[in-house]
Amino acid sequence: MSKGIKKAIKIAAASLAWLTLAGCTAKQEPKSSSSKSSKASKRQVSDNSAMGRLSQGRKLFYWTVYWDVNGPIKTIEQHAASVDGVGDFAAIYDENKNDQLFLTDGAKKLLKQLRANSATKQTPVYMTVVNDTRTEDKSTDLVSALLSSKAQAKQQAKEIVALTKKHQFDGVEMDYEQIRDDTGLWKKFAVFEKELWSLCQKEQLKLRVVLEPSTPVKKISLVKGPEYVVMCYNLYGFGSAPGPKANRKFLVKTAKSFESLGKVSYALSNGGFDFGTADGTDVTSLTTSDVKKLIKRKKAKPVRDKASGAMHFSYGSHEVWYADDQTLQIWAKTLDESAGRKVDLSIWRME
């Protein structure tokens, strides 16, 4: 028998076996990566983890951080079917080189390894641009300088797109934080965003824009087209009394405030905070793995808060609040109900 005939028989047999398992009435979806239903079907078969369950019927995006890449690379590989995109955090600015934008070494490593892995090479990866320098985080003075004029904003947009293309990212993610209610600076950002969106369209790059819940969306005009990612966490945290990163009231209010933007998704956060004092002067951020270690070390017995769905426990004078897998499911459902649809989610952060 020729190799061609043998190959044809094998293909036919495999197809028949698939139909027997899937059911003859099953509708075959397109193989395009943009098909939600196709990927959801894949998830039902291949990923019954907490991450897989959270991703059911929605797009699920995760952020990684440049100071912790080895664990996330393995996690993304293991759960590739449940991850629709990755924010490679981060590209930051070098204050010693006239605020030149550069991609951190850890971010370069993560991108290289994702591209080299057969399970993750097709996963969309965005270059996350933040208003951090080598010595300062979330600098609004930096944003003011970068966007001080229309010419400056245009140049900044060009530099961001150039760096994105240089490293062959699938898209850009803008994450300028702590602008808060500074409408003057937001208007400058809107000018910059319009230019950036135009360049991204020209270069066939996707664009995500991260917004804090304090963003005065009714007072500014943001361009239509990019995906807006609304942060739904840090309701309690640094400088506050002990409490959860989010609660139902906060989530409902946030969804109602931002749905008018059109193409909106929402960001939740795992992990939590260790509040050493009641006035917020001694607060430590905890990742999910940090929480697990602390529970084991302190032999704590966490309980779920009914009002927020978050977990909490105490040891000594400390009060710890955090989100576990069930918390994320509760928060996701609250956002779904508030928005009247199955919302796409981004999670801070991957470990």
Side-chain angles (χ1 to χ4, degrees), residues 58-66 83-93 101 103-104 107 124-133 137-140 142-143 146-147 153 156-157 160-161 163-164 169-182 185-186 188-197 200 205-217 220-235 237 245-246 250-251 254-255 257-271 285 331-332 335 339 343-350:
R58 73 176 89 245
K59 287 186 178 180
L60 189 60
F61 184 98
Y62 274 86
W63 280 293
T64 58
V65 293
Y66 60 83
V83 180
D84 293 283
V86 174
D88 194 1
F89 187 100
I92 67 173
Y93 295 88
L101 184 70
L103 189 64
T104 54
V125 184
Y126 292 71
M127 183 178 78
T128 303
V129 182
V130 296
N131 52 326
D132 293 357
T133 68
D137 293 343
K138 301 177 178 61
S139 171
T140 52
L142 172 66
V143 177
L146 294 172
L147 311 182
Q156 182 57 210
I160 289 171
V161 169
L163 189 62
T164 303
F169 282 97
D170 298 287
V172 179
E173 180 177 65
M174 293 306 305
D175 186 15
Y176 285 168
E177 295 185 25
Q178 292 193 0
I179 301 177
R180 304 189 191 284
D181 59 353
D182 187 341
L185 187 51
W186 273 118
K188 291 180 179 180
F189 178 86
V191 172
F192 156 75
E193 183 201 22
K194 185 176 180 181
E195 184 65 33
L196 179 62
W197 175 233
C200 284
L205 294 170
K206 300 173 184 177
L207 176 61
R208 287 165 47 101
V209 179
V210 179
L211 301 175
E212 293 179 285
S214 59
T215 305
V217 288
I220 56 177
S221 298
L222 298 174
V223 69
K224 297 293 184 181
E227 176 186 353
Y228 291 100
V229 186
V230 183
M231 294 170 57
C232 295
Y233 52 90
N234 292 352
L235 175 63
K245 284 191 173 185
F250 167 69
L251 295 172
T254 302
S257 298
F258 287 87
E259 276 293 294
S260 60
L261 282 177
K263 193 177 180 182
V264 182
S265 62
Y266 296 91
L268 298 173
S269 177
N270 52 31
S285 179
W331 290 348
L335 287 169
V343 302
D344 293 339
L345 292 176
S346 298
I347 306 297
W348 177 271
R349 64 179 176 89
M350 178 75 76

Closest approach of [X] to [Y] (non-hydrogen atoms, all atoms of both residues):
X      : Y      : result
Val229 : Ser346 : CG1-OG, 3.8 Å
Ala332 : Leu268 : N-CD1, 4.0 Å
Pro124 : Asp84  : CD-O, 3.4 Å
Tyr266 : Cys232 : CD2-SG, 3.6 Å
Cys200 : Leu207 : SG-CB, 4.3 Å

How long is the straight-line distance from [atom2] of [Y] back to [atom1] of [X], given to the nearest 0.5 Å?
X      : Y      : atom1 : atom2 : answer
Leu147 : Leu142 : CG    : CG    : 8.5 Å
Leu205 : Trp197 : CG    : CH2   : 10.0 Å
Ser214 : Asp182 : OG    : CG    : 11.0 Å
Tyr228 : Leu222 : OH    : CG    : 4.5 Å
Lys224 : Lys263 : NZ    : NZ    : 12.0 Å
Glu195 : Gln156 : CD    : CD    : 11.5 Å

Donor-acceptor contact below 3.5 Å, side chain [X] vs main chain [Y]:
X      : Y      : result
Asp175 : Val130 : no
Asp344 : Arg58  : no
Thr104 : Ala90  : yes
Trp186 : Ser221 : no
Asp132 : Tyr93  : no
Glu212 : Gln178 : yes
Asp88  : Met127 : no
Lys245 : Asn270 : yes
Asn234 : Gly237 : no

Sub-4.5 Å side-chain heavy-atom contact between [X] and [Y]:
X      : Y      : answer
Phe192 : Ile160 : yes
Phe189 : Val209 : yes
Thr64  : Tyr62  : no
Tyr233 : Trp331 : no
Ser265 : Phe61  : no
Met174 : Pro226 : no
Leu196 : Val223 : no
Leu335 : Leu345 : yes

Steps toward side chain to side chain contact (heavy atoms under 4.5 Å, CB included) verdict (Thr215, Ile179)
CA-CA 8 Å; Thr215 305; Ile179 301 177; over 6 Å; no
Cation-pi, Tyr126 ring and Arg208 (6.0 angstrom, 45 degrees):
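Yes, a cation-pi geometry holds between Arg208 and Tyr126.
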